[in-house]
Undergrad: 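My questions will all concern the structure given below.
Here is the naming used below: chain letters follow the sequence lines, and residue numbers restart at 1 for every chain.
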4 protein chains.
Amino acid sequence: MRRKKKTKSEDLIDRRKSQILEAAIKVFSEKGFEGSTTKEIAKKARVSEGTIFRYFKTKKEILIGLVNMLTEKSMFKFIQEVEDGLDPSQALKNILKLHYNMITQNYQLLKTIFYEMQFHKELREAFYKEVVSNVLEVIKKRIQESGSTRDDVPPELAAQTLLGIFLGITMVQTMVEENENPLDPDKKISLMLDIIFNGIKKHD
Amino acid sequence: MRRKKKTKSEDLIDRRKSQILEAAIKVFSEKGFEGSTTKEIAKKARVSEGTIFRYFKTKKEILIGLVNMLTEKSMFKFIQEVEDGLDPSQALKNILKLHYNMITQNYQLLKTIFYEMQFHKELREAFYKEVVSNVLEVIKKRIQESGSTRDDVPPELAAQTLLGIFLGITMVQTMVEENENPLDPDKKISLMLDIIFNGIKKHD
Amino acid sequence: MRRKKKTKSEDLIDRRKSQILEAAIKVFSEKGFEGSTTKEIAKKARVSEGTIFRYFKTKKEILIGLVNMLTEKSMFKFIQEVEDGLDPSQALKNILKLHYNMITQNYQLLKTIFYEMQFHKELREAFYKEVVSNVLEVIKKRIQESGSTRDDVPPELAAQTLLGIFLGITMVQTMVEENENPLDPDKKISLMLDIIFNGIKKHD
Amino acid sequence: MRRKKKTKSEDLIDRRKSQILEAAIKVFSEKGFEGSTTKEIAKKARVSEGTIFRYFKTKKEILIGLVNMLTEKSMFKFIQEVEDGLDPSQALKNILKLHYNMITQNYQLLKTIFYEMQFHKELREAFYKEVVSNVLEVIKKRIQESGSTRDDVPPELAAQTLLGIFLGITMVQTMVEENENPLDPDKKISLMLDIIFNGIKKHD
DNA sequence: AATGAATGAGTCTTCATTCAT
DNA sequence: GATGAATGAAGACTCATTCAT
């Protein structure tokens, strides 16, 4: 109960925090963590610099707040909401498709978070606890229950591989596309999924 | 001949540059680009701060110098030196194994380079020209000449996928391993390769 | 009305700016532009170094701000306020006397501005637009309307000559006086004016 | 004797010094004292930076060396060499014409010297002793012996005025010409001289 | 609670000067 | 004597954080 009931002032606090975090997403996405200034975040959030420090003790805390927001705003949660009844490989495809979009859409921010994780233990822990472990768990479950994966692949590794594949591919593609001509996103994702499921080897 | 013969002073310059770059690798790897100071690099390189700027006009140039070093020191070149006669999938495995080690060993630095690429065009271009395009080319060639890949997978995509898979997996594993127990690297890579070739789907 | 009414914060800004500019006058006058440090200006203005850069984006802007201050504080404007009814040569004398004092009082600063103008286009333009052109215009007008100058002297040249004479004489006198004994300023200016009007040639 | 006889090595020293000073003239003229680097002077003089400091203890000494060179190279001496028999006012005109050219030609350098004099006593003294006092003396003498100047003008002041007039006019003209169209130099100097001799007042 | 002016530690970078070769 | 690599002090400028209003 308590969880859901909030006093007015708590509400206000949350609103202010969100306001700041929304602004931070944009600024961090565009300029990275170090490249962003609290001044700019304040401006974009239409509050004063002082206010920011009322709600977040330090600049770093804003970034951590962002990670928490990611899950609260269920950017990742939806992964668990894919319907259950589906053909497993199709379900996985759906998951991955959504996942792909999410990563694509929040690519800049995620990159910043991923990067800064190296330097800030709190951030690393928050991100792992809030995001990674969930994602891995879901994927793992899906793979297992689909029953269609090879027996010699431990589900953990499969899940990690899957997540890594998506992250990495997205990164590389972003890089490549700036220099070469981009492929049709839909075709691209289909092919990637096909590769993941069937491998690149020719089967006769 | 002339190419290889260097004057004493050229040698010295190179040595100093290396000295600074080696230090920069450590510092950048540990603290990232923005988090590093030229002062600390100087200290670790056991030269004065002024000396750094004799050899690199700006801090950013150090990072670019690092990218060039990566190729010059043939961290990536070896890819082309894998013997030709091998069974193609085995050759690819060898390549990837080496590649994997390289990425693992320089993971922190690569992450920094990848990340900063967003903000520095020169770096982006240098890295793409020196590293990415080469890697992609080699992988593509290998995949093609192996003749064993599916016809419906464009080699470019396959190559990109491969590169991305390795980068992404490495990232995820680094994250995961900090929180869980690491797997045996050899087994891990074998499995990953297997996945890449054969996919995760069960074949009967 | 509105023009003159300033909000409190505008007032404060102006006060801070003035505070810094006053300090800058002293420091620049004493040590020149390059010889001055923002640190010293800050100290003399009793603000932190950071504050300086709140009000002036760069050190150079302080110098430009000084030029604007010169006119805003009507150090030069008064030239136009000399009464009109006077005997023209007397009016000019008054003008020049005031001018002389102003130049003398701000000699060091003016020298710095003059000098740095070589290297900073913005400064050159600001100074020319704000000061020189005005001065020249006024002097020219006065000379013309006095009707008492020779017809073969183009007013522009006469005006330039006048301005130059004062600047140059002030410079030389400053130099000379350090080594020899100074003359009575009033006598000096009278004589100079006389020379300018009547020339150095003996007329019988 | 000793004065004129120089050992070989003294000769060499002088040559090196000249070499450096010639370079310094160019660099200082273009970039001012603070804006110039010993590195650039060294480069232009085709010596190493270290060599510069063999011949001049400090950068400032180069500037002082330049002042001495000015007189030694008789940039100002010629003033005394104007023929004696001439009509006095014509002689003065010649002097001033030469003077004018000299100032014009070395304007940039002189400006730098003038400016830096404020901050360096040694320089100020050197310049006054070597240059100013000479010039003043000559002009004064000329004015006096011409017998054609007004009795109420003390020769010192007349001389100072003259020198100041030329310096100042040159400065102003340089400034003005950048913004407006330049006058024909010959006409300009004639007019200026005329003004100096006859004043700007109309004589009937 | 909110503001935004003020702070000052910390950054990259420059350059006169020194010194080993 | 000459070199030019190395030094390190010093400078302009930035920005997270604080605090008086």
Undergrad: Between T38(D) and G50(A), which has a closest nucleotide on DNA chain E that is more 5'?
TA: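 The residue mapped nearer the 5' terminus is G50(A).
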Undergrad: Of all the choices, dT18(F), dT13(E), dC13(F), which nucleotide is nearest to the side chain of T58(C) once you look at every atom?
TA: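 Selected nucleotide (nearest to the side chain): dC13(F).
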Undergrad: Measuring from the side chain of K59(A) (C-beta onward, heavy atoms only), which nucleotide among dA16(F), dA16(E), dT7(E) has the closest atom?
TA: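 Of the candidates, dA16(F) comes closest.
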Undergrad: Any side-chain heavy atom of F28(C) within less than 4.5 Å of one from I62(C)?
TA: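 With C-beta onward as the side chain, the pair touches.
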Undergrad: Between E49(A) and G35(D), just flag the one whose closest nucleotide in DNA chain E comes earlier from the 5' side.
TA: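 Between the two, 5'-proximity favours E49(A).
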Undergrad: Round to a whole Å and report the spacing from NZ of K57(B) to C1' of dT13(E).
TA: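 So the NZ-C1' distance, K57(B) to dT13(E), works out to 13 Å.
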Undergrad: Fit a plane to each ring of F33(B) and H120(B), take the angle between them on a 0 to 90° scale, and name the class: parallel (under 30°), tilted (30 to 60°) or perpendicular (over 60°).
TA: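 Ring orientation of F33(B) relative to H120(B): perpendicular.
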Undergrad: Using a cut-off of 6.0 Å, state whether more than 12 heavy atoms not belonging to K44(B) lie near its atom NZ.
TA: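 More than 12 heavy atoms, drawn from other residues, nucleotides or ligands, come within 6.0 Å of this atom.
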Undergrad: So what's dT21(E) paired with, Watson-Crick or G-U wobble, going by both distances under 3.5 Å?
TA: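 Paired with dT21(E), as far as the under-3.5 Å criterion goes, is dA2(F).
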Undergrad: Given dA12(F), dT7(E), dA6(F), which nucleotide is nearest the side-chain atoms of T51(B)?
TA: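 Per side-chain heavy atoms of T51(B), the pick is dA6(F).
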Undergrad: Would you mind pulling out the nucleotide paired to dA9(E), Watson-Crick or G-U wobble, both distances under 3.5 Å?
TA: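 dA9(E) is paired with dT14(F).
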Undergrad: Is it the case that more than 12 heavy atoms not belonging to K60(D) sit under 6.0 Å from its NZ atom?
TA: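 Counting other residues, nucleotides and ligands, NZ of K60(D) exceeds 12 neighbours.
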Undergrad: Which whole-number value in Å describes the distance from R54(A) CZ to dA1(E) P?
TA: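 So the two atoms are 4 Å apart, to the nearest Å.
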Undergrad: Could you tell me the separation between the CZ atom of F56(C) and the P atom of dT14(F), rounded to a whole number of Å?
TA: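 Going from CZ in F56(C) over to P in dT14(F) covers 15 Å.
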Undergrad: Applying a 4.0 Å non-hydrogen cut-off, can you work out what R16(A) is touching in the nucleic acid: base, sugar-phosphate, or nothing?
TA: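 R16(A): backbone/sugar contact only, no base atoms under 4.0 Å.
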Undergrad: Given atom NZ of K39(A) and atom C1' of dT3(E), what is their separation to the nearest angstrom?
TA: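 Checked: the NZ to C1' distance equals 13 Å.
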Undergrad: At less than 4.0 Å, is any side-chain N or O atom of S48(B) found next to OP1 or OP2 of dG8(F)? Yes or no.
TA: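 Checking S48(B) against dG8(F): no side-chain N or O falls below 4.0 Å of OP1 or OP2.
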Undergrad: Rounded to the Å, how far apart are E34(D) CD and dA10(F) C1'?
TA: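 Atom CD in E34(D) sits about 13 Å away from atom C1' in dA10(F).
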Undergrad: Using a 4.0 Å heavy-atom cut-off across all strands, classify Y55(D) as base, sugar-phosphate, or nothing.
TA: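 Answer is sugar-phosphate: Y55(D) comes under 4.0 Å of backbone atoms only.
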Undergrad: What's the NZ-P distance between K31(D) and dC15(E), to the nearest Å?
TA: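 These atoms are roughly 10 Å apart.
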Undergrad: Using atom CD of E61(D) as one end and atom C1' of dT17(E) as the other, report the distance to the nearest whole Å.
TA: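 One finds 13 Å between C1' of dT17(E) and CD of E61(D), rounded.
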Undergrad: Looking for any heavy atom pair under 4.0 Å, which part of the strands does T37(B) touch: base, sugar-phosphate only, or nothing?
TA: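 Counting heavy atoms under 4.0 Å across all strands, the contact made by T37(B) is with sugar-phosphate only.
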Undergrad: Please name the nucleotide paired to dA16(E) by Watson-Crick or G-U wobble geometry with both distances under 3.5 Å, or report none.
TA: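 Here dA16(E) is engaged in a pair, and the nucleotide opposite it is dT7(F).
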Undergrad: Among R16(A), E22(A), K17(A), which residue meets the side-chain hydrogen bond (donor to acceptor under 3.5 Å, both in side chains) test with Q19(A)?
TA: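 Exactly one pass, corresponding to R16(A).
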Undergrad: Atom CD1 of I41(D) to atom P of dT17(E): distance rounded to whole Å?
TA: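 Distance check: I41(D) CD1 to dT17(E) P gives 11 Å.
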Undergrad: Only pairs with both distances under 3.5 Å count, Watson-Crick or wobble alike; so what is the partner of dA1(E) in this structure?
TA: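 By the stated definition (distances under 3.5 Å), nothing pairs with dA1(E).
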